[in-house]
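One-based numbering, in listed order, for ligands and for the atoms of each. The first residue of the sequence shown is numbered 1, and numbering continues consecutively from there. Here the structure is a predicted model, which is why all the values come from computation and not from measurement.
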Amino acid sequence: MRHRLVPLLAVLCAAVAACGRDEYEPGDGDEAFCSWTCAIFTLQWPGGFCQSLDNASLCQIPQRVSTWMIHGLWPMNVRECCGCWPMFLSDVQELREALENRWPSLLKSRSGFHFWRDEWEKHGACAACVEGLNSPLRYFQTCLKLRQYFDLHKVLEGGGIRPSCDRTYKLTEVQDVLFPLVGDKCEIQCVKDEQEREVWFQVKILLSRNLTVGCRGHGAERAARASTGHPCPARGTFYFLPINHERPLRPCG
Ligand SMILES: *[C@@H]1O[C@H](CO)[C@@H](O)[C@H](O)[C@H]1NC(C)=O
Ligand SMILES: *[C@@H]1O[C@H](CO)[C@@H](O)[C@H](O)[C@H]1NC(C)=O
C-alpha cells in the first residue's frame, strides 16, 4: 500500500499549494460540522446510474461521458452543514470543463452546476475546515485530483473486469482487483434493474481526514452503508453493464 500513498499525497499537496489568503478560518461553533474524521469518496458508473433512479426516464448520459464519474466527497457523521456558504458558478469557472467531463449531471432536469452546488452545500461546506478543501474551488479541485488518482477503469481493465451484457462478476473478484487501489473498506454498490438483476453502479471509497485510503473513525462502517443502492451481493453475481448513450436504461437492448 505504501507506494500508493506517495502519488496521492503528491496530488493533494498540489491542491493545497494553491491556497490563497481567502481561506476559511474555523471559529466558535464550527466543531459540530468540522469534527469529521472519515469521508467517503463516491464514484458512479454511468452504465448503472439510470437503473438507480425511481424514474429512469429522468436520466441521460451525455456523449462525452464514457467512464467512472464523481458523485461526491462526503465527510461522515457531520450533523449538518451550515448553509452559510453559497456557491456560484464563478467560484469554479476555471474547473468548469474538467467538472463537466468528470462530474456531470446525469439527470435531464439538473445542470452540472446545480449538481455541484448541491454537493457543495450538502457536503463540501462541512468539509471546509480541512486545508485543501476550504473553499468551493479547492474542494472541487481536490475531488478532481482524487478522481484522477482513483482510476478505477484502468485497474479494472488491467484485472480483466470489463463492462459486458453477458458476463457477470463475483464480489470477491472485483474486490481483489480493486484492493491495491482502494483498500478493503470500500463498498461496491449495486441496484436492481427492471429485470430484478443486480447491477453495479457505484463505488464508495473510505478515506481518512488527510484523504489517504481507509479510516478507523467510529461509525465509519455504519455510515458507509447508508445510501441509495446496497452492497452488491456477497453470494451470487452481478452485472457490470456497458454505457449506452442512446439507451441509458437498457444498455443491452
Ligand atoms: C417520469 O418522468 C417523466 C418526465 O418528467 C414523467 O413524464 C413521468 O410521468 C414520470 N413517471 C413517473 C412514474 O413518475
Ligand atoms: C493519515 O491519517 C491516518 C489516520 O489518522 C494516519 O494513520 C496516517 O498516518 C495519515 N497519513 C499521513 C500521510 O499523514
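Taking each heavy atom of W200 and I188 in turn, the nearest pair found is NE1-CG2, 3.3 Å. The two residues M76 and W36 come nearest to each other via the heavy atoms O-CB, 3.5 Å.
The ligand atoms of ligand 2 that sit less than 4.0 angstrom from a heavy atom of T212 are 1 (C). Atoms of ligand 2 found under 4.0 Å from any heavy atom of N210, numbered from 1 in the order shown, are 1 (C), 2 (O), 3 (C), 8 (C), 10 (C), 11 (N), 12 (C), 14 (O).
Screening I70, L106, V203 for a side-chain contact (heavy atoms from CB on, under 4.5 Å) involving Q44 leaves a single residue, L106.
When the side-chain contact (heavy atoms from CB on, under 4.5 Å) test is applied to E246, the partners found at least two apart in sequence or on another chain are Q63, N244.
In this structure, H123 has its ring center under 6.0 Å from that of W74.
For ligand 1, residues of the protein lying within 4.0 angstrom by heavy-atom distance are N55, S57, L58.
A salt bridge does not link E94 with R138: none of the charged nitrogens is closer than 4.0 Å to a carboxylate oxygen.
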Would you please test E173 and R167 for salt bridge (charged side-chain N to carboxylate O under 4.0 Å, His left out) and show each step? CA-CA 13 Å; E173 159 177 39; R167 230 200 114 165; 3.0 Å; yes
